[in-house]
Each structure stands twice: as structure tokens, then as C-alpha cells.
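Data block below; observations after.
In each ligand, atom 1 is the first atom listed, and ligand 1 is the first ligand listed. As the structure is a computational prediction, the values presented were derived from the model and not from experiment.
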Amino acid sequence: MATVRLDHLRKVYPNGHVAVAEASFEIADGELLVLVGPSGCGKTTLLRMIAGLESISGGTLSIGGRVVNAVAPKDRDIAMVFQNYALYPHMSVAENLGFGLRLRGEPKAAIERRVQEVAKMLELEHRLAALPAALSGGQRQRVALGRALVRDPKVFLLDEPLSNLDAKLRLTMRVEIARIHQRLGATMVYVTHDQIEAMTLGQRIVVFNGGVIQQIDTPMKLYERPANLFVAGFLGSPAMNLLRGTLHREGGWRLATSAGVLGLGEPAQAAALEAWLDREVVLGVRPEDLALHAGDGPAALAAHLEVLEPVGNEVFLNLRYGAQPLVARMPPRALPAPGSTVALVLAVDRLHFFDAQEGVRIGD
Ligand SMILES: Nc1ncnc2c1ncn2[C@@H]1O[C@H](COP(=O)(O)OP(=O)(O)OP(=O)(O)O)[C@@H](O)[C@H]1O
Ligand SMILES: [Mg+2]
């Protein structure tokens, strides 16, 4: 296995489109790194540059300490699983699995042995003679994965491997991929636009948007300390509530928004936020950090409860504060009826603040 290092990697397509403006990070040996971002942000482009399928416009790419910018794909010892499986329709599962090894001229017996091993790992042994058309979506996906596995490469690149599967299969395959990663200790880059997949699979996550890296961190760090408004809004479901307003202090801290004045009490970042008094900021509140007001002390705000969405172990409260939609999540218990006005409190030690102009995190 190997370390992969991207140093100011850049991709400008011949039509002038800048797909990757600048990407610098390192994937440690044996790490499962997730690359996440919205459609069109340059994820596939970045992966194809690592695989050698797309030329590099600027910067350097090293694998195992060797600069490989000019090294042919077949000599990079990388296997890529594509967004659309790309199985050969006229070949059986066994032939699809063994194709890469046959191309390399491996002996027939060795190929058969390796195909059996991988088919067993992916529970495809009983489907080896089938053609791809006769397989379920999940089985096809496993064959695509298996084709990468048989080659035992230094690095695996997976481009949205689960995007064509239904919700239940995605979940099963997600666990399967985590298990394979643990078993092989392989270096893997996993691309997805699904933030849940990113959070559950990644040891570290690279959040990408518009060809620019927004933040690289562990899933928990990204969730607890998003570096900017994009990351704050992208990770977390339901998404973080974002309220724009001006910071004031009148006894406690307050945020004057177009919908009214919110009481913020004494936020954890109070000392550092002094510099932001009387300036415009964006307040971020995760849905789980909004609660119904009960007992003593002032409420932070009063909002109109529009819709309750029970999802089993919790309920999402869809609220409106002036023109601003808000979402709160809480355990299902006695809840106010839709149509009523509810008083809410904020978890003041878990608030997020962002500069309203630049969108960068402030205060801590
Ligand atoms: N050959 C090309 N020539 C010009 N522009 C391209 C080319 N290939 C991709 N692009 C553009 O580059 C941008 C990044 O594309 P890319 O396929 O890397 O995005 P992505 O993040 O993988 O998106 P998705 O999640 O939809 O797969 C897009 O705006 C796309 O239209
Ligand atoms: Mg893509």
C-alpha cells in the first residue's frame, strides 16, 4: 500500500473550465479518505487525475514518494471503481473479475484462484457464471468492486460506488466497504455526494466545492467546528439553521435579525466575539441544539410550528421565525400541535458564528 500526495494539483479542461482550482492534501498509507461535495464540484476529475486517466494541468501528484504526473495509468498500481460500474456485458462474472489479471498476462490457475478468493469475500461464488444483465444492482456493484480487489493494487479509488443502489442496499454495501477496508488495510479514496456516507465511512473527509477544498478533518470535527458556511450547511441532516443578524450585548448577548431579536445568553465564544459586536454575522444552530422552552429563564425566541415530521426515534419540528424557516429535532414525546406558537431555547455553548461577508467561522 502507499501514501498519495497531492501538491497544488490543478485541472483546467481544454475549454477553459477550471474543474480543480487547487488541491493539496495527503492520503496516509491504509487510510480511507472520503472526498465529498455537490454534483459538478470536481470530484471525478480529481480521482481521474490520481488514476492517470486525466492529464494534470498544474502541481504534482506522488504515490509512495514517487512523482507520477507523467506515469501511465497501468504503471501507477491503482484500481478505480467507476460511478457506473462499467462491467463488460458479454462476459460472465468470473471473466469480468479476472479481466485485469488476464490483461497482465497472469497464469490461468493463479487468476482462477484469485477470482475465487475475491468472489468468496464478496459472496458472489454462486453467481460466477452469470452475465451482468442477470445480476441485481447490488451484485453488479460487488462485481465492480471485485474487479478492483483482484488486482491487489496499492491504492483504491472509488467514485460514488453506491449511487445506483436503493437505500437499503447502500447501507449494506457501505458496511461491506468499511469491512473490506479494515481487512485489507488498503489506501482508499472514496468519492460521494452523500454526506451520511461521508460521515460514516471516512476516517477523514475532504469537503470540496467549486473545485476548491473547503475543509479537511475527521467527521466529528467537521460537524462540531465547520470552517465556513458551506461546510456548515452541507454536513448534517436536517441541515444547520443559519440566521443572519447583528450582534449586540444588552445584559446577555443578542442577535438582531429581520425576524426579531434572539437572546443568546452567554455564548461559549463570548470573549472572542467582543470584536464582532455591532457587526453582521451568521448564527448557526444545529437542529438538536434548539429545544422547547420549559421552566425558568427567558426563551431565546418564539416561532410558529408548521409541520411535525416523526422519523421513529425522533421528531423534526419545522418552524418559521418571521420569514426564516427553522428545524428542531427532539425525542418524540408530548409536543405542541402544528399551528401553535412555541418558545424555544438554544444550547448557548454549542452555537456557531460566521462572518456574514466571507462566510468563515469566527469566535473560536
Ligand atoms: N471533459 C470536460 N471538459 C470540460 N468540462 C468538463 C469535462 N469533464 C467535466 N467537466 C466539468 O468539470 C466540472 C467537474 O466535473 P466532475 O465530473 O469532476 O464533477 P463531480 O464532482 O464528479 O460531479 P458528480 O457528483 O455529478 O459526479 C463540471 O462542471 C463538469 O461539467
Ligand atoms: Mg462524478
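Distances between N or O atoms of C41 and those of ligand 1 include at least one value under 3.5 Å. Checked against a 3.5 angstrom limit, the closest N/O atoms of G40 and ligand 1 fall inside it.
Contact annotation: R48 has no heavy atom less than 4.0 Å from any atom of ligand 1.
For N69, there are no side-chain hydrogen bond (donor to acceptor under 3.5 Å, both in side chains) partners two or more places apart in sequence or in a different chain. Partners of T246 under the side-chain contact (heavy atoms from CB on, under 4.5 Å) rule, at least two apart in sequence or in another chain, are H248.
At a 4.0 Å heavy-atom cut-off, ligand 1 touches N15 through the side chain alone. Contact annotation: for H17 versus ligand 1, heavy atoms closer than 4.0 Å belong to the side chain alone.
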- Query: How far apart are the C-alpha atoms of V81 and F156, what are their side-chain angles, what is the distance that settles it, and do they pass the side-chain contact (heavy atoms from CB on, under 4.5 Å) test?
  - Reply: CA-CA 8 Å; V81 179; F156 289 90; 5.6 Å; no

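Residue-environment remark: CZ (R279) exceeds the threshold of 12 foreign heavy atoms within 6.0 Å. By the neighbour-count criterion of 12 heavy atoms within 6.0 Å, atom CZ of R183 is sparsely surrounded, having that number or fewer from other residues, nucleotides or ligands.
Nearest protein neighbour of atom 17 (O) of ligand 1, counting heavy atoms only, is T44 CB, 3.7 Å. At the shortest separation from atom 26 (O) of ligand 1 among protein heavy atoms lies S39 OG, 2.5 Å. Remark: minimum distance from atom 27 (O) of ligand 1 to any protein heavy atom is reached at Q83 NE2, 2.9 Å. Scanning the protein heavy atoms around atom 2 (C) of ligand 1, the nearest turns out to be Y13 CD2, 3.4 Å.
Here the straight-line distance linking atom CZ of R329 with atom CG of D289 works out to 10.0 Å at 0.5 Å rounding. Here CD of E54 is found 10.5 Å from OG1 of T44. Values are rounded to the nearest 0.5 Å.
Under a hydrophobic clustering in which Ile, Leu, Val, Met, Phe, Trp and Tyr are joined whenever their side-chain heavy atoms come within less than 4.5 Å, directly or via other members, L162 and L122 fall into the same cluster.
Checking K11, E160, K43 against atom 21 (O) of ligand 1, the nearest heavy atom belongs to K43.
Atom numbering of ligand 1 starts at 1 in the shown order; those under 4.0 Å from a heavy atom of T45 are 14 (C), 15 (O), 16 (P), 18 (O). Of all atoms in ligand 1, listed by their number and element, those nearer than 4.0 Å to a heavy atom of A19 are 12 (O).
Note on T44: counted as a metal contact of the Mg ion (ligand 2), an N/O/S atom lying under 2.8 Å.
For the pair E274 and R249, the salt-bridge criterion is met [side-chain N within less than 4.0 Å of a carboxylate O].
For atom 9 (C) of ligand 1, the nearest protein heavy atom lies under 4.0 Å away. For atom 31 (O) of ligand 1, no protein heavy-atom neighbour is present inside the 4.0 Å cut-off.
Ring planes of H90 and Y88: perpendicular class, angle over 60° (limits at 30 and 60°).
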